[in-house]
Amino acid sequence: MSELETFREEVRQWLEANAPQALRGRRNDPAAVPWGGRNPRYAYPESADWLERMAGRGWTAPTWPKEYGGGGLSREHERVLHQELARLELPPGLTGFGLSMIGPTLLQYGTEEQKREHLPKITGGKIRWCQGYSEPDSGSDLASLQTAAVRDGDEFVINGQKIWTSGADLADWIFMLVRTDSSGKKQAGITFILVDMDDPGVEVRPIRLISGASPFCETFFRDVRAPVGNVIGEPGDGWTVAKALLGHERSMIGGMAAPRVSLPELAAEYLGRDEQGRIADPVLRHRVAQSEMDALSFQLTVQRNADSLAAGHQPGPESSMFKYYGTELNMRREQLMLSIRDQQALGWEGDGYSEEELLQTRAWLRSRANSIEGGTSEIQLNIISKRVLGLPG
Amino acid sequence: MSELETFREEVRQWLEANAPQALRGRRNDPAAVPWGGRNPRYAYPESADWLERMAGRGWTAPTWPKEYGGGGLSREHERVLHQELARLELPPGLTGFGLSMIGPTLLQYGTEEQKREHLPKITGGKIRWCQGYSEPDSGSDLASLQTAAVRDGDEFVINGQKIWTSGADLADWIFMLVRTDSSGKKQAGITFILVDMDDPGVEVRPIRLISGASPFCETFFRDVRAPVGNVIGEPGDGWTVAKALLGHERSMIGGMAAPRVSLPELAAEYLGRDEQGRIADPVLRHRVAQSEMDALSFQLTVQRNADSLAAGHQPGPESSMFKYYGTELNMRREQLMLSIRDQQALGWEGDGYSEEELLQTRAWLRSRANSIEGGTSEIQLNIISKRVLGLPG
Amino acid sequence: MKLVLDPAQAMLAKTAADFAAKQQPVERLRALRDARDELGYTPSVWSAMADLGWTGIPFREDDGGLGMGMAEVVLITESLGRGLAPEPYLSAVVLAGGLVSALGSEAQRAAWLAPTIDGSKRLALAQHDEGTRFDPATCLSSAVSDGDGWRLSGRKAHVIDGFAADAYVVVARTSGEQHDRDGISLFLVPADRAGVEVTRQWRVDSRNAAQVHFADVALSRDDLLGELGEGLQPLEEAIDRATVALCGEMLGLMREAFERTIEYLKTRQQFGVAIGSFQALQHRAAEQFVEIELCKSVVMAAARSLDEVGGEGGEPERRSRAVAQVSNAKARCSDAVILVTNEALQMHGGVGMTDEYDIGLFMKRARVCELTFGDAAFHRDRFAAARGF
Amino acid sequence: MKLVLDPAQAMLAKTAADFAAKQQPVERLRALRDARDELGYTPSVWSAMADLGWTGIPFREDDGGLGMGMAEVVLITESLGRGLAPEPYLSAVVLAGGLVSALGSEAQRAAWLAPTIDGSKRLALAQHDEGTRFDPATCLSSAVSDGDGWRLSGRKAHVIDGFAADAYVVVARTSGEQHDRDGISLFLVPADRAGVEVTRQWRVDSRNAAQVHFADVALSRDDLLGELGEGLQPLEEAIDRATVALCGEMLGLMREAFERTIEYLKTRQQFGVAIGSFQALQHRAAEQFVEIELCKSVVMAAARSLDEVGGEGGEPERRSRAVAQVSNAKARCSDAVILVTNEALQMHGGVGMTDEYDIGLFMKRARVCELTFGDAAFHRDRFAAARGF
């Protein structure tokens, strides 16, 4: 038996022994995935135990080094772990911006001390993170940010406002960009810093979106203090760190295209089938096929990229492409579902609509943000045209 | 009987008496429309007589003043004339850039002497005109043109090269833009001038296009002389005249969307009909409907514009819109015809294809120039965004 | 058919625009929504519209109306659309009122048209059966003969402005199969008739909509509207008029959303310049401008085509031409209103996604308009059928 | 299935690219066109390709081939597509050669495969009946039983590289109705057989194509290729392989056209700057880049899916998955190649419209590829059917 197969066997046995029955089959239930933090919320009480057991094996961050609470696994071993989790339809032990964004950034740019301080708290689900990048006047023009951090002895004193801080109302710490110097080019003078949101100068106000939900916040900073040791990279060199991190974010948002429901089944349910068992409306059938083919092509491209990296090829500018196409695809797909459900897709609440139909309305409205958050589609196209194609200006 | 109906009766009787039998029913046959000129070519010998009779009534240019060879008709009377020509499916007496482009420009900007000199030769089909605007290095950036005209006594001496001079190989005179001053802003220093192509310094080389046809030429000028009196407007003020004329050109090209064949009938012929008599392929039927609806909407917008002008409202920036949408529409329509004819749309010559199918291939290739000639689609969108919407930059 | 406003129409359009703007409809809509107002519109504004004569526009003069046509109606709905005004003009006046005007007995017209015109009572059309897609010929509700009258049973949904209406024009089958064109009848049923149950539907646009259930409701001959079993054609004609009125609303909506976006492009600064100076956005804005210009033409043409056909159905060929114009307008406006509101949101960036900002309200209403009376695909197919392919 | 080239494949791709570029195929195509060359390709280049072993790639080693698969074939066709190389690789090797390899008797394989591989003889597939749209199950040609053999009659058109071929694999019905899946047979018919008449077709891409008419051609049992009446499935499988090979060609074509356009955008000056600095063009270029990246993935996946199914049809479920991948690739490449070549022409402006400039040749070939083996709409429908909807 190959080493990988031995590992698979080991994982399988461990999962059988340790995975809570209540969570099996809940892989696609977002509520079953804990975000951790100082005041964790669990839709299923078993999630607390599941997080603890997974973190104990280092499998909340399978490929991170063991000394920081990771699993120390290779990409191949990680894939086996995911396959076995999928086999039992188990949710991961933990999710969040600690694992997907600040963790990888710390691994790349953090000092040894910073890694030892923060990474184990991430993998253990002890601290929940949020991101402080955008400001009201600096949307796509991120580098024009104005939130100021002034050095005072061993500390920076931070004043200003961030917006679109996703989950800030539930987070414990924030990684953010601040301006420590406004004398030079706007990209210079930006510093990447970690801030404990327990500071009384931090105020968080959720923003209500058109979907009715409030996943984002405005976050205000009034004389908030953070030690100089919380700076990642050098002071004034935050733009480099930020760009690397944006890559992680884009991949994450672009990857959201994973379908909630099967479009062909949805279409057959709402439109019926003809004598040959095909979706009855040939024009909508065509649109469904187009959407399914786009999704397949996108998924194959993600796979090709992963296979290419695994074969040792240099990474390219994939994150912009994936962010752009994945989100546009998802938005088109949501709109197609409106066409399929017709007027049943227009419900907001109350009688006359199934639960799934009401979720649809909100999901469609939520999807409109996909092409804006994490760098607009326009910004991604700018990046492709300039950095990849080398077009001037 | 209203005055307009009296006129209709008069037109009808005159047409019955004067319109050659050979030309009746040939309204949509491009070969049946003469372009006139010093060395006219007639596919149908009757066209010479038809031109002479129509010109005699001033009906080659129905709304131009009578003193310049026009008909002196109102727009309403002109419409009646067109309706009566259409009733017998008669082609117009004459076509060409004299009537559509330089004529209206002379009426607007020409001196009395220039009008008396040139307009009657246009309406009589004696002189065929072409346009000299673009140069190899000034495509969309028309104002960067370099063909130089240097004053020498009562004449300008012209040196340079024009490109995309439509029909220059068959034309007698050219109206062109030359640079008389290169000291200031590039739009200043441009002069609009009329040149007799009999000058030995004029050399014309047809350009072969991807469609195999050569409707355009390169035209070279070596010490070509034109009297100062041939300048339209003031020397150095040619850009104003040119822009007005571009409006005429755009309307003309955008108006080309008039269908050669009926799309629904073509689709039914190639795809068959279902039991209800509908085009058998529902997805293509949908595309045909979309195209027909786009054409209808465009035609209604042209009509709305005409009705608005007739009601005394100010003209807007319609020409850019019509140029843009009309040509895009035509190009999409040509492509749709390829989808309908499938592999039968791929013929170049010889066996295996009907005459209509071979024409289709060429028409599709020809249509690709629509969004380039007369100001690219991109230029039209620039004009709309800046002049109509007032967007900056 | 001339595609230009005559002076009287131009004046009506201006009055309507001024009045609509003065009523601050977007703010009202937001307040009504936040208060979960079940009526969903402002009765005093509705009265004021009646006082201006708008509610009488399409009705015959001998019924107390102004005897105008769809050319005038779309001027009103365009103004309403600009401000997302939630008043029940489309449902009460054009749709249900139009059917009573076209088909009503003297008694029915006397009882309902005057109160519709003065705004004191409100009609609604109960057409769409639960579980069906939009198609006037599809009818699941039934009225079964019973002595001298009928017993009506059916479950209607998506009834526009159906909550707290005073009476319903109800579409029910009195003979034939589910999709037959014959056998559909219309009844005028007061809302307080025993067996009528109305439930408010809360939709994404926060406007008044309802489920209306009829449980074995007793109908008399006096409740029948028009001829027994011949309701489909007048129903389709009324829906065509309402569809064009809705196109007017969509046109107003997209124009307003577009103008707000252009204004935003001129003022919002990024990278040291107004974002409206970015050519990629400029070209997309110009394309929307062209689409809106086309929409102006098709709405005007559709309204005037219906006016030319006239009220009594007209000859079949003219009617087909009008149907093609109506479906052309609905398909084009549906596509354009989605394009323009999607682009409005995208170009506004993050703020456009917030509930606090108005642009999201435009997008929500745009979707409801798009899917009401058949979406663009439905109307492309209907256009093709009307043109014989 | 891994979506990455292994080192041997990467080397093959490089060799192919270098060789193809060295042959200056665009210039050759232009010269062949201007000379009205009836063959439409250069025999010496074809021989050189055979010498490189390309013609043997998909054939079994015991037939003298290299025993590789579609993963390697698409590397060759991509190189050919980059330069519009007009050599008959698709038709002779993948399509007709593939059928003889899959179905041929020992005698047939011995007679035809070695000459195909060494380039001395050329096979072509006569499949498409005049007056039909592409669909392998549609067959008007017939072979009527006659003694121990058959009499073949039919009029084939759009026969790829059909002029001056040495033999044809002919699709003809031996039983059943026009659209039946059963009853289609394949025959291997030498071009010099009495009753075979070949006419050169001149198409927009200037490549070799022909009408091939069979007038009561006598066939013997030895001419039958595969099982009587069971030709449709192997035919569809061969067309699937050829479709993927054609996708490889389209990928090469669009990459080359796109790279030339990007280069033009960087050099062409207007308004005092390179036109590539205009954001509207930049965004359109970026969108094309994404489309091309997607095409790279789908072509690779389709080729590898076919290789995984293997030559003998494979189990139905796997076969369906492969069909979905093939149709996905063809639909996507068809749309993308039109997008990219249309945009190439537009961005080149006037010069792109001239015959003298190469870009028009790319657009012309793109259209032929788009409509060969079914267009995007055909393959979207086929994808849906393969996925069970």
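As a basis for the values below, the full set of heavy atoms in this structure was taken, side chains included, without hydrogen atoms, waters or symmetry mates.
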- [ ] With rounding to the nearest 0.5 Å, note down the distance linking CD1 in B/I210 to CE in D/M363.
- [x] 4.0 Å
TODO: Under 4.5 Å, counting heavy-atom pairs only, tell me which of B/I163, B/L284, B/L338 racks up the most with chain D.
DONE: B/L338
Open item on the list: At a 4.5 Å cut-off on heavy atoms, which part of B/Y353 comes close to chain D: side chain, backbone, both, or neither?
Closed with: side chain
Open item on the list: Can you give me the closest heavy-atom contact between D/F271 and B/D141, atom names plus distance?
Closed with: N-OD2, 2.5 Å
Task: Note, B/D137 side chain near D/R268 side chain (heavy atom, < 4.5 Å) - done: yes
- [ ] With a 4.5 angstrom heavy-atom cut-off, could you sort out which part of B/L381 is near chain D: side chain, backbone, both or neither?
- [x] neither
TODO: Count the heavy-atom pairs under 4.5 Å between each of B/I207, B/L142, B/D342 and chain D, then report the option with the highest count.
DONE: B/D342
Open item on the list: Given 3.5 Å as the limit, does a donor-acceptor pair link the side chain of D/R200 with the main chain of B/D351, or not?
Closed with: no
Task: side chain to side chain contact (heavy atoms under 4.5 Å, CB included) partner of B/L346, chosen from D/K364, D/R203, D/E370 - done: D/R203
Open item on the list: At a heavy-atom distance under 4.5 Å, which candidate from D/E356, D/R284, D/R380 has the highest pair count against chain B?
Closed with: D/R284
TODO: Please flag which part of B/N382 lies under 4.5 Å from any non-hydrogen atom of chain D: side chain, backbone, both or neither.
DONE: neither
- [ ] Look up atom CD in B/Q335 and atom CG in D/N342, then write down how far apart they are to the nearest 0.5 Å.
- [x] 4.5 Å
Task: Residue selection (most heavy-atom pairs with chain B, distance under 4.5 Å) from D/H158, D/H128, D/R155 - done: D/H158
Task: Residue D/E38 excluded, over 12 heavy atoms near CD under 6.0 Å - done: yes
Task: When B/V283, B/T376, B/L365, B/D281 are compared by non-hydrogen pairs under 4.5 Å with chain D, the top option - done: B/L365
TODO: Count the heavy-atom pairs under 4.5 Å between each of D/G352, D/A376, D/G360, D/G350 and chain B, then report the option with the highest count.
DONE: D/G350
- [ ] Against chain D, label B/T361 side chain, backbone, both or neither, depending on which of its atoms sit under 4.5 Å from a heavy atom there.
- [x] side chain
Task: B/A369 backbone acceptor or donor facing D/Q346 side chain under 3.5 Å - done: no
Open item on the list: Heavy-atom cut-off 4.5 Å, strictly under: side chain, backbone, both or neither for D/L281 against chain B?
Closed with: side chain
Task: Heavy-atom side-chain contact between D/F278 and B/E378 under 4.5 Å - done: no
TODO: Side chain from CB out, backbone as N, CA, C, O: work out which of these in D/I359 comes under 4.5 Å of a heavy atom of chain B, or both, or neither.
DONE: neither
- [ ] Hey, could you give me the CG/CE distance between B/N370 and D/M353, rounded to the nearest 0.5 Å?
- [x] 8.0 Å
TODO: Among D/D205, D/V351, D/V368, single out the residue with the greatest number of heavy-atom pairs under 4.5 Å to chain B.
DONE: D/V368
- [ ] Return yes if some donor-acceptor pair links the side-chain N/O of B/E349 with the main-chain N/O of D/W202 below 3.5 Å, else return no.
- [x] no
Open item on the list: Is D/Q270 close to chain B through its backbone or its side chain, or both, or neither, when contacts mean heavy atoms under 4.5 Å?
Closed with: both
Open item on the list: Rounded to the nearest 0.5 Å, what separates atom OG1 in D/T354 from atom CD in B/E218?
Closed with: 9.0 Å
Open item on the list: Below 4.5 Å, heavy-atom pairs only: which of D/Q201, D/R133, D/E130 has the largest tally toward chain B?
Closed with: D/R133
Task: Region of B/S138 that comes under 4.5 Å of a non-hydrogen atom in chain D - done: backbone
Open item on the list: Counting heavy-atom pairs under 4.5 Å with chain D, which one of B/S134, B/G347, B/P136, B/S140 comes out on top?
Closed with: B/S140
